[in-house]
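Chain identifiers are assigned alphabetically (A, B, ...) following the order of the sequence lines, protein sequences preceding nucleic acid strands; residue numbering begins at 1 within each chain.
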Amino acid sequence: MINFVLLISRQGKVRLTKWYSPYSQKERSKVIRELSGMILSRAPKQCNFVEWRGHKVVYKRYASLYFCMCIDQDDNELEVLEIIHHFVEILDRYFGSVCELDLIFNFHKAYYILDEILIAGELQESSKKTVARLIAAQDSLVENAKEEVSSLSNIIAQATK
Amino acid sequence: MAGSSIMENLFQRTLEDLIKGLRLQLIGESTFISNATEEIRREVKSTDQHTKSIALQKLSYLSAVHAVDMSWACFHVVEVMSSSKFAHKRIGYHAASQSFNDNTPVLLLITNQLRKDLSSTNHFEVSLALDLLSRIATLDLARDLTPEVFKLLSTARVFIRKKAIAVVLRVFDKYPDAVRVCFKRLVENLESSDPQVVTAVIGVFCELAAKDPGSYLPLAPEFYRILVDSKNNWVLIKVLKVFAKLAPLEPRLGKRIVEPVCDHMGRSGAKSLVFECVRTVLTSLSDYESAVKLAVEKVRELLVDQDPNLRYLGLQALSVATPEHLWAVIENKEAVVKSLSDDDSNIKIESLRLLMAMVSESHVADISRVLLNYALKSDPEFSNQILGSILTTCCRNVYEIVVDFDWYVSLLGEMAMIPNCQKGEEIETQLVDIGMRVKDARMQLVRVGRDLLIDPALLGNVHLHRILCAAAWIAGEYVEVAANPFELMDALLQPRTSLLPPSIRAVYINSAFKILIFCLDCYILQNEGSASWYSDNLAGGQSDLLSVKNDTEAAELATCEGSNDEQHEDFNPRNATESSEDLSVKNDIDRVATHGQASTPPTVLGKKNSMHESIVSLLNRIELIFGPLIANQDVEVLERAQNLLSLVQLIKEEIIDNLVQSVVDIANKKVTRVTAIINLLRDAFTTELGPVSTSAQGRIVVPDGLVLKENLDDLQAMCGDIELPSSSSFGTGVPHLTTTSDTSSSNLLKNEESGPLKESTSLIEHRKRHELYYLPSEKSEIVSDEYPPAKKDKKRANQTKPRLALVRLDDGDVAPISVKRPEPRDDSLSGAIKDVLLRSETGPCMSGSSRSKNHGHSHTKERRHRGKEKIVEGEEHDQREKKKSGHCRGRRKTHQRAKSPVNVVSHTPVIPDFLL
């Protein structure tokens with residue numbers, strides 16, 4: 001299973017964290033600091049797998065972001081690399097040529113997308129189309145709600161005139 | 001109220017505002033975050049749902065990205081979760097997922113909310129609830145919500161069902177009894193035609209099988225069908241992992257799956273799937289030769305791939321293959337060796353491990369040679385990893401794979417000289433250890449030690465100090481096999497030894513002491529003119545003289561070159577002539593009387609004088625170098641230097657007087673006294689030190705009537721009564737008993753130093769008083785036999801025997817490790833699953849099957865499994881009866897239920913489904 005997911009920028013800034021195994025707040029900070037140092041210091045030509053505390057960390061760099069997933073010792077590293085790629089492709093499709101700024105300003109949406117790809121540390125949806133459709137449907141639901149709110153605001157505005 | 005709410009809404013900073021503000025902060029980020037958090041604390045208390053939700057979203061962001069604590073907001077999270085608007089509810093659920101844990105106090109409040117959302121007609125709301133449950137489910141939540149999850153496991157909405165399947169894993173973990181409710185439906189989903197559902201359920205079984213594979217053997221036919229029919233690589237990888245766990249438990253299963261696994265391995269273009277097949281074959285199908293060969297071929301492809309990921313995984317696969325198929329590793333030896341110079345440190349480390357796995361008696365020398373060359377080229381970190389691996393591998397099982405100890409000792413010496421070497425401590429330990437264990441290697445040890453000691457440049461290298469310490473100890477301890485003791489002494493007396501730390505300097509001084517005693521002993525033997533000495537020690541004397549002869553020749557060269565001027569200055573022609581004449585006459589008389597031989601007086605006289613000059617020169621040099629150390633601050637150095645200098649003074653007076661005196665009688669008396677002193681000291685150093693067996697302590701039988709207390713506070717009172725010398729004596733005994741073969745040379749020297757000084761009085765007294773606590777002489781002999789010397793001349797067959805004896809002893813002495821019982825929770829989960837499986841087996845068995853062949857086969861297989869499970873279940877039943885009677889009752893009921901379907905089968909075709 002996947003124990004946690006980290007998105008770290010090339011400068012070591014945290015862009016997204018998702019924890020499937022229990023880690024206290026203190027442990028999380030320590031983990032992030034430790035892994036940031038370890039992964040950012042690796043050269044591009046080195047392999048994307050690092051042994052760490054009896055687990056393995058699979059990471060992949062896309063533009064200025066490192067996508068990291070911590071897995072159990074017996075898990076398949078190549079499969080996890082494909083999951084990371086799967087996640088990135090969906091982000092790219094959703095945001096249209098996704099870049100770091102998209103994730104910074106829409107961090108909550110990145111979470112919603114990740115929640116449709118992984119659950120309980122396991123892959124739950126391998127179809128990009130299905131994930132895209134699910135996210136679009138939820139966005140639509142939210143947009144409809146916003147329209148209602150906007151309508152109410154107009155009524156109130158008129159009433160106060 | 002309404003106006004206030006509108007105001008809050010209009011002027012509240014959004015998440016985007018927060019992020020923009022943060023990005024503008026170059027220095028004051030922490031201050032900005034603190035202020036933002038305070039603002040959020042106010043906003044989150046708003047009664048307006050939108051305001052509260054936005055505040056919570058901002059807090060979630062700060063928590064996720066900037067590690068801000070948000071546990072204080074848990075109640076507000078619950079409020080937002082219960083919102084009727086999906087946009088708000090989503091924010092609340094996300095916050096809960098991020099911050100809630102088993103200890104969150106408001107978990108009780110969300111049970112009904114979750115139940116409500118799990119039953120919602122909006123499947124996105126159901127999705128939110130399931131996601132959260134998979135993350136934070138506790139025992140209480142799992143128990144209360146199992147019925148809802150059960151329903152969702154068979155819902156028509158695939159989107160919901162796959163999430164419910166994933167949640168089951170967490171629910172089972174927290175509340176094992178849920179298995180009785182949900183497991184059957186979980187199994188049914190294995191047969192689903194929807195790939196999303198199969199992906200989810202196989203992932204769950206993969207996790208479950210990893211913990212307790214035996215429970216899922218009855219499901220093997222379903223897994224097999226997926227293995228053969230599925231085209232989804234994600235699913236295939238998971239099912240292969242399941243089989244990797246199940247196959248070792250059932251040989252027939254392995255035989256069944258080996259063909260489809262090879263098919264996938266041979267045809268698939270996906271590297272991830274091929275790698276998983278390789279790993280499954282190497283871990284769980286290692287008995288099938290053709291499969292293993294195919295897997296090894298695939299590994300070779302990985303090893304030569306340009307992608308470092310694949311090379312790394314290829315090496316990992318070889319690591320998996322090592323225990324059962326070492327030939328595969330050896331076959332790819334070139335690729336493994338080549339990986340030692342890869343750019344990636346991970347790959348280098350992996351290849352180093354593989355090389356060490358290949359090491360055996362026959363080619364440990366070759367591999368070590370290769371590795372040492374790489375250590376010379378590599379960066380300091382990897383270089384030390386190489387050295388560490390060699391040291392660890394070679395000393396395993398007390399140097400089991402080392403045949404030629406002379407070679408190994410030389411190797412240790414070469415390691416010491418490698419730049420960046422930081423393994424000084426381990427090399428020190430092994431050098432000393434080998435000296436004690438392998439008598440035949442001592443000559444080579446002294447040679448290697450000499451080479452290290454005579455090089456003044458090494459004294460400045462901090463990492464080498466421990467190695468020099470070992471070399472000094474060896475030089476002192478085994479000086480009798482040294483080619484040139486004077487050279488060793490010169491090395492120990494180098495001015496640059498002042499660069500050494502006090503603890504190691506002390507070892508140098510002690511070794512110098514030993515070597516001095518040895519040299520004096522040789523001198524006395526050569527100088528001895530007493531007729532009685534010759535007649536009493538004729539044979540021994542001859543052999544000693546022979547060894548002294550070599551030393552004398554070497555010493556002559558060194559002395560003549562270095563001290564010609566001294567000779568001329570001190571030379572007194574008249575006195576020397578008279579003295580030589582007298583001695584010549586005396587020697588002739590003695591030899592005629594005892595041996596009937598005539599010797600050449602000039603030759604004997606010449607040698608004697610040269611030896612004498614060497615000794616005097618040595619004594620003077622010791623005084624010169626060690627004199628200043630009397631003022632040293634370190635008490636160890638000070639005391640040893642003082643002892644040595646005192647001896648030098650004593651010997652010096654006697655020797656010089658001996659030379660000057662022309663009266664034979666007086667000279668004889670003084671020589672006798674010097675001889676007595678030297679002999680005493682020599683005897684003290686002659687006792688051989690051996691390694692202490694790891695089981696030595698256990699061999700001491702506790703005397704009858706003696707109660708051993710764990711708390712030794714009573715000793716404090718006893719020590720107060722006993723005089724100091726007695727307590728010192730006691731202190732001497734304890735290290736002897738507790739010393740192990742890994743003791744550092746410093747400790748050994750301390751023990752040795754204190755032993756001789758007190759041996760004549762307190763030690764003997766102590767032994768008499770506590771005779772029971774000392775190892776009997778018989779056992780001592782046994783101890784010595786445990787470490788046979790490794791002789792080069794012996795044939796291989798002969799060499800094997802001593803090692804086997806050694807290994808057996810160590811193995812036999814190790815107490816067997818008792819296997820702990822599994823935790824009750826795990827046991828409960830396992831038992832629950834077996835219960836359910838026993839019941840669920842009857843369902844498929846009786847249900848219609850389109851193919852009679854499959855039906856028959858499946859039936860037979862299930863029957864066998866059922867039989868096994870009955871046995872296992874019976875055992876567990878017995879165990880649990882011992883634990884709790886109440887639980888036993890419950891167990892019996894369950895057992896009866898399990899049995900009843902069997903009875904029903906024989907009577908009626910229709911079986912009621914107890915789960916429905």
Side-chain angles (χ1 to χ4, degrees), chain A residues 1 13-20 22 24-26 28-29 32 42-43 45-51 72 74-83 104-108 111-112 115-116 118-127 130 134 137-138 141-146 148-149 153 156 160, chain B residues 2 6 15-16 19 23 50 57 60-61 64-67 69 71 85-87 90-91 94 97-98 101-102 122 124 130-131 134-135 159 162-163 166-167 169-170 195-196 199-200 203-204 206-207 210 232-234 237 241 270-272 275-276 279 307-309 311-313 343-347:
Chain A
M1 74 174 283
K13 295 274 190 175
V14 178
R15 297 308 182 200
L16 182 147
T17 63
K18 181 72 178 185
W19 309 87
Y20 297 105
S24 70
Q25 191 67 45
K26 197 172 182 180
R28 293 180 184 183
S29 301
I32 292 170
R42 288 179 64 78
K45 290 185 178 179
Q46 294 183 328
C47 75
N48 298 107
F49 316 133
V50 178
E51 291 187 10
D72 292 331
D74 281 347
D75 281 316
N76 189 311
E77 294 91 333
L78 295 175
E79 180 198 12
V80 175
L81 266 187
E82 290 174 23
I83 291 175
I104 291 171
F105 283 99
N106 298 283
F107 98 108
H108 51 300
Y111 273 106
Y112 301 148
D115 285 345
E116 293 304 333
L118 300 173
I119 181 171
E122 299 284 338
L123 178 73
Q124 66 164 312
E125 186 53 68
S126 57
S127 165
T130 302
L134 291 170
Q138 293 182 48
L141 198 62
V142 171
E143 288 301 319
N144 289 340
K146 283 187 179 179
E148 292 178 8
V149 170
S153 297
I156 293 171
T160 56
Chain B
I6 293 174
L15 173 63
E16 184 166 333
I19 295 173
R23 288 175 62 81
H50 182 70
Q57 189 180 52
S60 295
Y61 173 82
V65 176
H66 295 279
D69 173 52
S71 58
K85 289 181 166 54
F86 180 73
R90 187 159 74 161
I91 292 171
H94 177 234
S97 173
Q98 193 167 292
N101 55 55
D102 285 4
N122 180 341
F124 293 123
L130 287 170
D131 272 328
S134 76
R135 175 68 189 83
F159 169 67
K162 63 186 168 104
K163 287 177 185 278
V167 167
L169 188 61
R170 173 85 182 194
Q196 296 176 34
T199 298
V204 169
C206 187
E207 296 292 327
N232 186 319
N233 287 344
W234 311 96
I237 287 171
K241 282 192 179 304
K271 294 291 186 182
S272 56
F275 175 69
E276 195 61 40
R279 195 149 61 170
D307 188 341
N309 290 336
R311 289 205 300 276
Y312 175 79
L313 293 178
D343 290 334
D344 195 328
S345 60
N346 288 357
I347 290 178

Residue [X] versus chain B: region with a heavy atom under 4.5 Å:
{"X": "Val80(A)", "result": "neither"}
{"X": "Ala43(A)", "result": "neither"}
{"X": "Ser127(A)", "result": "neither"}
{"X": "Glu79(A)", "result": "both"}

With respect to chain A, which residue among [options] yields the maximal number of heavy-atom pairs within a distance under 4.5 Å?
{"options": "Gln57(B), Lys271(B), Arg170(B)", "result": "Gln57(B)"}
{"options": "Leu169(B), Leu15(B), Asn233(B), Asn232(B)", "result": "Leu15(B)"}
{"options": "Trp234(B), Phe86(B), Phe159(B)", "result": "Trp234(B)"}
{"options": "Arg279(B), Arg311(B), His66(B)", "result": "Arg279(B)"}
{"options": "Ile347(B), Asn346(B), Thr199(B)", "result": "Asn346(B)"}

Counting only N and O atoms by type, is there a donor-acceptor contact under 3.5 Å from the side chain of [X] to the main-chain atoms of [Y]?
{"X": "Lys241(B)", "Y": "Asp74(A)", "result": "yes"}
{"X": "Asn309(B)", "Y": "Cys47(A)", "result": "no"}
{"X": "Arg90(B)", "Y": "Tyr112(A)", "result": "no"}
{"X": "Gln46(A)", "Y": "Asp343(B)", "result": "yes"}
{"X": "Gln196(B)", "Y": "Gln124(A)", "result": "no"}

Full working for ring-ring contact (aromatic ring centres under 6.0 Å, His included) between Tyr111(A) and His94(B): CA-CA 8 Å; Tyr111(A) 273 106; His94(B) 177 234; 4.4 Å; yes
Nearest heavy-atom neighbours spanning Ala67(B) and Ser29(A): CB-OG, 3.7 Å
Atom [atom1] in [X], atom [atom2] in [Y]: separation rounded to 0.5 Å?
{"X": "Ile104(A)", "Y": "Tyr61(B)", "atom1": "CD1", "atom2": "OH", "answer": "6.5 Å"}
{"X": "Cys206(B)", "Y": "Asn76(A)", "atom1": "SG", "atom2": "CG", "answer": "10.0 Å"}
{"X": "Arg135(B)", "Y": "Ile119(A)", "atom1": "CZ", "atom2": "CD1", "answer": "12.0 Å"}
{"X": "Thr17(A)", "Y": "Gln98(B)", "atom1": "OG1", "atom2": "CD", "answer": "5.5 Å"}
{"X": "Ile19(B)", "Y": "Asn106(A)", "atom1": "CD1", "atom2": "CG", "answer": "8.0 Å"}
{"X": "Ser97(B)", "Y": "Trp19(A)", "atom1": "OG", "atom2": "CH2", "answer": "13.0 Å"}

Check against side chain to side chain contact (heavy atoms under 4.5 Å, CB included), Leu141(A) and Asn122(B): CA-CA 10 Å; Leu141(A) 198 62; Asn122(B) 180 341; 3.4 Å; yes
Test side chain to side chain contact (heavy atoms under 4.5 Å, CB included) applied to Leu134(A) and Phe124(B), step by step: CA-CA 9 Å; Leu134(A) 291 170; Phe124(B) 293 123; 4.2 Å; yes
Pair Arg42(A) + Asp344(B), salt bridge at N-O below 4.0 Å: yes
Verdict with reasoning, Leu313(B) to Glu77(A), per side chain to side chain contact (heavy atoms under 4.5 Å, CB included): CA-CA 8 Å; Leu313(B) 293 178; Glu77(A) 294 91 333; 3.5 Å; yes
Structural part of Glu276(B) lying under 4.5 Å from a heavy atom of chain A: both
Top contributor to chain B contacts, counting heavy-atom pairs under 4.5 Å, from Ile32(A), Leu16(A), Ile83(A): Ile83(A)
Ser272(B) and Glu82(A): side chain donor to acceptor below 3.5 Å: yes
